[in-house]
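One structure below.
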Amino acid sequence: MIGFLRAIVIWAVVGAVAYFILRIYARSLRREALEKEWDAAPQGDTEAREAFIDKGMADYEGSLRNRLLVIIFVLPFIAIAVLLYLVNYA
Amino acid sequence: MRYVKWAIWLTIVLTVGLFLHYTLPQHDVVRVVGTYQERQDLTDWTRIFWSSPDDQSGTLTNRDVQFIQTIQTDGDPMVYRNEDTGWFWPPYFKFDTARLQTEADDLRSTAEAPKWAVVTHYGWRNELISIFPNAVGIRAAEGPDVTIIPWFNIFFFAFLLILAVLVRKMWLQFRERMVDPALADAGEAWDSVEAKAASARKEARGFFGRIGAWLNTWRAKK
């Protein structure tokens, strides 16, 4: 039982770390894309650029793609469940 | 220096390779001839090759281990241990030792009327230090020359490759967005430091130069 709890904690930590790193990475990609989009056709000064990027990032935070990243956190547990089934019952 | 670099790389590749070779599942086509149970000491260094099931006390000095005796297609014997792996490492999450032993017993056959089976296992057999691969699954096979596709390993290495590419892309993105701008800033800061240092040096040269010139006035004229 202790082993089971330990496994849950360890994989939860691994999943959480993977999730946050991927979140930062995806956010960085989005910001870069927004910057490039603005720089390709600038419609104002540096302040307008900041505002454009901030708005784009705010939209991104609420997007489905950003929310779906939570799946990463669940992946280790799905893998464990599948392995448990395949090894012991299939 | 080049040899040192090569040695380090060789060590890394060898370690990772051996680790994966030990841990990843492999398949053998065998004929089960029997099963037995034997008390094993857990006090010497080969302890690392026996598994640590969840329901076992950590201070145990010996315990019974189940074994599956088989003959391979080339006639060589192979003995597997049959142990739970528990929840941690290697991550097989195997808890069906008793079931596996029953299935193995069911597939038992003689050389005259062989029943072939595919054993999935991980680990190594070494007679010198008495270590055994751990069987994690057994199923009946049509014949001794059945083709086995290692699906798990295919998926595992595909996943590893995707992970490596992803980590590399992440690192490049991090460098492009965080490290390079910081370095550029540091470079500018460094340039200004160097400029200051250069002017300071000039001044110092002037100062010490003046002292030197003054000292020189005390020297005997040649």
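Order of the sequence lines sets the chain letters (A, B, ...), proteins ahead of strands, with each chain counted from 1.
- Interface remark: Leu100(B) contributes no atoms to any contact with chain A (heavy atom separation under 4.5 Å).
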Donor-acceptor pairs under 3.5 Å, side chain of residues 55-83 of chain A to any protein atom, not counting sequence neighbours: which ones?
residue  : atom : partner  : partner atom : Å
Lys55(A) : NZ   : Asp59(A) : OD2          : 3.0
Glu61(A) : OE2  : Arg27(A) : NE           : 2.9
Ser63(A) : OG   : Tyr60(A) : O            : 2.7
Ser63(A) : OG   : Asn66(A) : N            : 3.3
Asn66(A) : ND2  : Glu61(A) : O            : 2.9
Arg67(A) : NE   : Gly62(A) : O            : 3.2

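- Atom CD of Glu38(B) has more than 12 heavy atoms from other residues, nucleotides or ligands within 6.0 Å.
- Under a 3.5 Å cut-off, the side chain of Asn88(A) and the backbone N or O of Phe93(B) do form a donor-acceptor pair.
- Heavy atoms closer than 4.5 Å to chain B are found nowhere in Ile24(A), neither backbone nor side chain.
- In Phe155(B), the CZ atom is not crowded: 12 or fewer heavy atoms of neighbouring residues, nucleotides or ligands sit closer than 6.0 Å.
- Shown here is Tyr22(B), whose OH atom has more than 12 heavy atoms of other residues, nucleotides or ligands within 6.0 Å.
- Within a 6.0 Å sphere centred on CZ of Arg39(B), heavy atoms belonging to other residues, nucleotides or ligands number more than 12.
- Under the ring pair (Phe, Tyr, Trp, His ring centres under 6.0 Å) test applied with Phe4(A), the options Trp87(B), Phe95(B), Phe88(B) reduce to a single match, Trp87(B).
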Determine, stepwise, if the pair Thr120(B) / Val87(A) fulfils side chain to side chain contact (heavy atoms under 4.5 Å, CB included).
-> CA-CA 10 Å; Thr120(B) 309; Val87(A) 170; over 6 Å; no

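- Of the atoms belonging to Phe174(B), not a single heavy atom falls under 4.5 Å from chain A.
- In this structure, CG on Asp96(B) lies 8.0 Å from OH on Tyr89(A), to the nearest 0.5 angstrom.
- Close approach to chain B, defined as a heavy atom under 4.5 Å from one of its heavy atoms, is seen in Ser28(A), Leu29(A), Arg31(A), Glu32(A), Glu35(A) of residues 28-47 of chain A, taken by number.
- The number of heavy atoms from other shown groups lying within 6.0 Å of CH2 (Trp11(A)) does not exceed 12.
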